[in-house]
Amino acid sequence: MKTVGVLALQGDFEAHRKAIERAGAHAIEVRTSGELDHCDGLILPGGESTTMLKLLEEENLLEPLKRFSERKPVYGSCAGAILLAREVTHPAQPSLNLMDISVERNGYGRQIDSRIARVPIPEDSDFEAVFIRAPIIRHVGQDVRVLARYQGDPVWVEQGRHMVTTFHPELTDDARVHRRFVDRL
Ligand code: GLN
């Protein structure tokens, strides 16, 4: 059975661990580069991207994570999507540049910053998507494939082995996003 690591420095890593097990893989929490060595893929969960970035630096995980991403798939949800982006705005912050996307943090604004929305999935049933202070993907590069959009903006995209969602599939029973990630391991 394949092993998926869930970065467990901050955020909702526990829900991703359970979602990965529902999708048929083994999940472990990752806090060190040694733990990363045991993984076939890695999830960067939702949470607070600025804090997560700071903790990745403090724990000396940035370089190991970059090396990992050159060989193995990484999936970022919400704050994780912000970390994987090429460019981050509102406000700007450094990122890992693993996917050719530009994201605007807290893109839906403060008034209605969290919602559950029905997101149409082409040729499949709608996804009940939970957005929590979600970023909006403002630009995608040529090599990025858009798997779903909400209000016209991409919310589930992939490029090569990597994937992001701006919503939180780990908070619902719908296993399609995690299964797609497990299938590419
Ligand atoms: N707003 C958060 C950020 O900018 C992301 C929110 C989330 O992951 N649910 O990092």
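We count ligands from 1, going down the list as the structure has it; atoms in each ligand are counted the same way. For the single chain, residues carry numbers from 1 onward in sequence order.
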Shortest non-hydrogen contact between E128 and R118, atoms and distance: OE1-NH1, 2.9 Å
Partner of F167 under side chain to side chain contact (heavy atoms under 4.5 Å, CB included), chosen from I116, V177, V130: V177
Y150/F131 aromatic ring centres below 6.0 Å: yes
same_hphob_cluster(M163, V146) at 4.5 Å side-chain heavy-atom cutoff: no
Sequence neighbours excluded, every pair satisfying side-chain hydrogen bond (donor to acceptor under 3.5 Å, both in side chains) that has a member inside residues 69-83: H16-S77, Y75-T165
Contact residues of ligand 1 (heavy atom under 4.0 Å), by chain and number: G46, G47, E48, S49, C78, A79, I82, R105, N106, I132, R133, H168
T50 and R105: side chain donor to acceptor below 3.5 Å: yes
